[in-house]
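Note sheet for the following structure.
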2 protein chains.
Amino acid sequence: MTEPKDYKIAAVDRALALLEALADRPDQGVTSLAKSLGMTKSLVFRLLHTLEERGFVSRDPERAEFSLGYRIGVLGERLGKDGALLYAARPVMDALRDQTSENVNLVVREGLKTYVLATRAGRHSIRLFAQAGRNGPLHAGGGSLLLLAYADPSVIDAALSQPLEAFTPYTITDRAKLRQALERIRANGYNIVLNDLDEGAFSVAAPITGADGTIIASISVAGAVARFDEERRESHLKAALDAAAEISERLSIHGPGENGLVKSRA
Amino acid sequence: MTEPKDYKIAAVDRALALLEALADRPDQGVTSLAKSLGMTKSLVFRLLHTLEERGFVSRDPERAEFSLGYRIGVLGERLGKDGALLYAARPVMDALRDQTSENVNLVVREGLKTYVLATRAGRHSIRLFAQAGRNGPLHAGGGSLLLLAYADPSVIDAALSQPLEAFTPYTITDRAKLRQALERIRANGYNIVLNDLDEGAFSVAAPITGADGTIIASISVAGAVARFDEERRESHLKAALDAAAEISERLSIHGPGENGLVKSRA
DNA sequence: AAACGATGTTTCACACAATAAAACATTGAG
DNA sequence: CTCAATGTTTTATTGTGTGAAACATCGTTT
């Protein structure tokens, strides 16, 4: 492989590595950090000094150990939980769309509704499906059902105590059957639906895990059932699960592995 | 003034400045950022490139504009709201303690209780008062009452519908009088109490404002009433208000002004 | 359609600033 | 009291961050 142009500026990259190390394990000293990152003490010292002046790291009153600083919190709050998820998902959604040529949706739950955080339009379907920013029901749609399945029991109860609108003849409105469906989703770790929200549409949804290990969103591949055969079922499912895993990893405190970005296209 | 040794490493500092600029105004392009920060386009480009590879900035799919990246969110979440507040307050609390020689307490509300996030022990009082991590009531104590005063009306109602323990003969347990007291706190913008939680103790509390403008915590100067005269009342109040303002500014999206750290000791 | 202007991208050479090594200061333990 | 480990400071050299300017790639205007 050819060298892909490296515009990275080393000092900055090292500083960011330092922040990651402190996020991973707080309350570390200069020596410890230098050792674990393969830097010299003096370098780490000066990096910390720079970061501290801007509040990106904070030192213990006892003047010994460092942790992430308040400014990280302020900036992080600025972008919000949805922002982090959205930006982490962006390149992965692009890749998933390219891989499947179908629509890709990123959905979160908000109370007893779902909310489409972002979408990618597949090559085919023109006027189809999800619009970013739109609310949807919890009891129909691939991603929605999946989110409901992993929601707190009290949320499930609340959702099931509402009237369940039938969007198509295939929408599950029977509460017992719905509970069964949720059970199966949890058992499978994914969800595949056909025609239950939009007639003629399929959806293959996988769960995204936040930094705390709970399921916070779903990513789904959706398109016209006409293009949905057994083979695509398998490939789309694998692609969705992989994408969900990748996003989840990005959102974990340890961050993405070696590969800085999404896997290279074959 | 003598030059205070500058260990700052320029590249890193500029990168952080870039992050701040993006937090201040998202969706900016290379040129815009370069102009507003007084950097060259090529530098900004490379900084952004470095930051992007680690997920600290994110670019629009349309390949034009940049914003803060998901990693900021992940790291920020890691430290939590309390962490940001705590670290922002740390040096200010130290300064306030040095200035007043009294105890300094940082208190937040959690439901119908208060929670001492951090303390600094004054020169005098040995075995006195607040312990970090301890819960306290909402209706007694300088910081607590102040937090109650600025809490949501529903919280006030809930707090007042509970039994109001009398910790000393001076504790306000009459609901009407308590509401009056809260009213006066809001009118003043601060709170001063004597003997209401601990016999023989005073407390001068000021409100801390979060990034969204709401009051999220209180910082207070506390000590023995024996040392509390009219002059100290004024000076402690001013010191507490200044400290609260300083912390609030740090927590604001625009960040602290020119002076990177706390004001120099006189 | 062609020319323009603005923006993002790339190249390149030089100065200065980031870096490593090593000396120094400070702290705590045995 | 000595020793070991840590944070801090200095210094010299090299490498790298930097600015200027060329280039590409748009979208807009005439």
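Numbered from 1 within each chain, the chains take letters A, B, ... in sequence-line order. It should be emphasised that the depicted structure is a prediction, and the values quoted were computed from it without experimental measurement.
Shown here are the ring pair (Phe, Tyr, Trp, His ring centres under 6.0 Å) partners of B:Tyr115, two or more places apart in sequence or in another chain: there are none.
Rounding to whole angstrom units, CG of residue B:Asp13 and P of C:dA17 are separated by 13 Å. Atom pair A:Phe66:CZ and D:dG7:P shows a separation of 8 Å (rounding to whole Å applied).
Listed by first then second residue, pairs satisfying salt bridge (charged side-chain N to carboxylate O under 4.0 Å, His left out) with a partner in residues 64-86 of chain A read A:Arg71-B:Glu20, A:Glu77-B:Lys81, A:Lys81-B:Glu77, not counting sequence neighbours. Listed by first and then second residue, the salt bridge (charged side-chain N to carboxylate O under 4.0 Å, His left out) pairs that reach into residues 25-51 of chain B come to none, sequence neighbours excluded.
Note on the helix from C:dA1-D:dT30 to C:dG30-D:dC1: terminal axis deviation equals 30°, with five pairs used at each end and the result rounded to 10°.
Taking the six-membered ring for Trp and thresholds of 30 and 60 degrees, B:Phe228 and B:His236 have nearly parallel ring planes, at less than 30 degrees apart.
Of the residues listed (A:Val221, A:Ile219, A:Thr119), the one engaging A:Asn105 in a side chain to side chain contact (heavy atoms under 4.5 Å, CB included) is A:Thr119, and it is the only one.
Non-hydrogen atoms lying under 4.0 Å from DNA chain C are contributed by nothing in residues 20-35 of chain A.
Residues A:Arg227 and A:Glu102 are paired through a salt bridge, judged by an N-O separation under 4.0 Å between the basic side chain and the carboxylate. Note on A:Lys8 versus B:Glu53: salt bridge recorded, some NZ/NE/NH1/NH2 to OD/OE distance being below 4.0 Å.
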Handout entry: Check against side-chain contact (heavy atoms from CB on, under 4.5 Å), A:Leu251 and A:Ile208
Key = CA-CA 9 Å; A:Leu251 290 176; A:Ile208 294 171; 4.2 Å; yes
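Across all non-hydrogen atoms, the minimal contact from A:Phe56 to A:Leu19 is O-CD2, 3.7 Å.
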Completion exercise
With sugar-phosphate taken as primed atoms, P, OP1 and OP2 and all else as base, the protein-contact string of nucleotides 17-27 of chain D at under 4.0 Å (heavy atoms; B, S, -) is SBBB-------
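In this model, the phosphate group of C:dT9 is not approached by any side-chain N or O of A:Tyr7 to a distance below 4.0 Å at OP1 or OP2.
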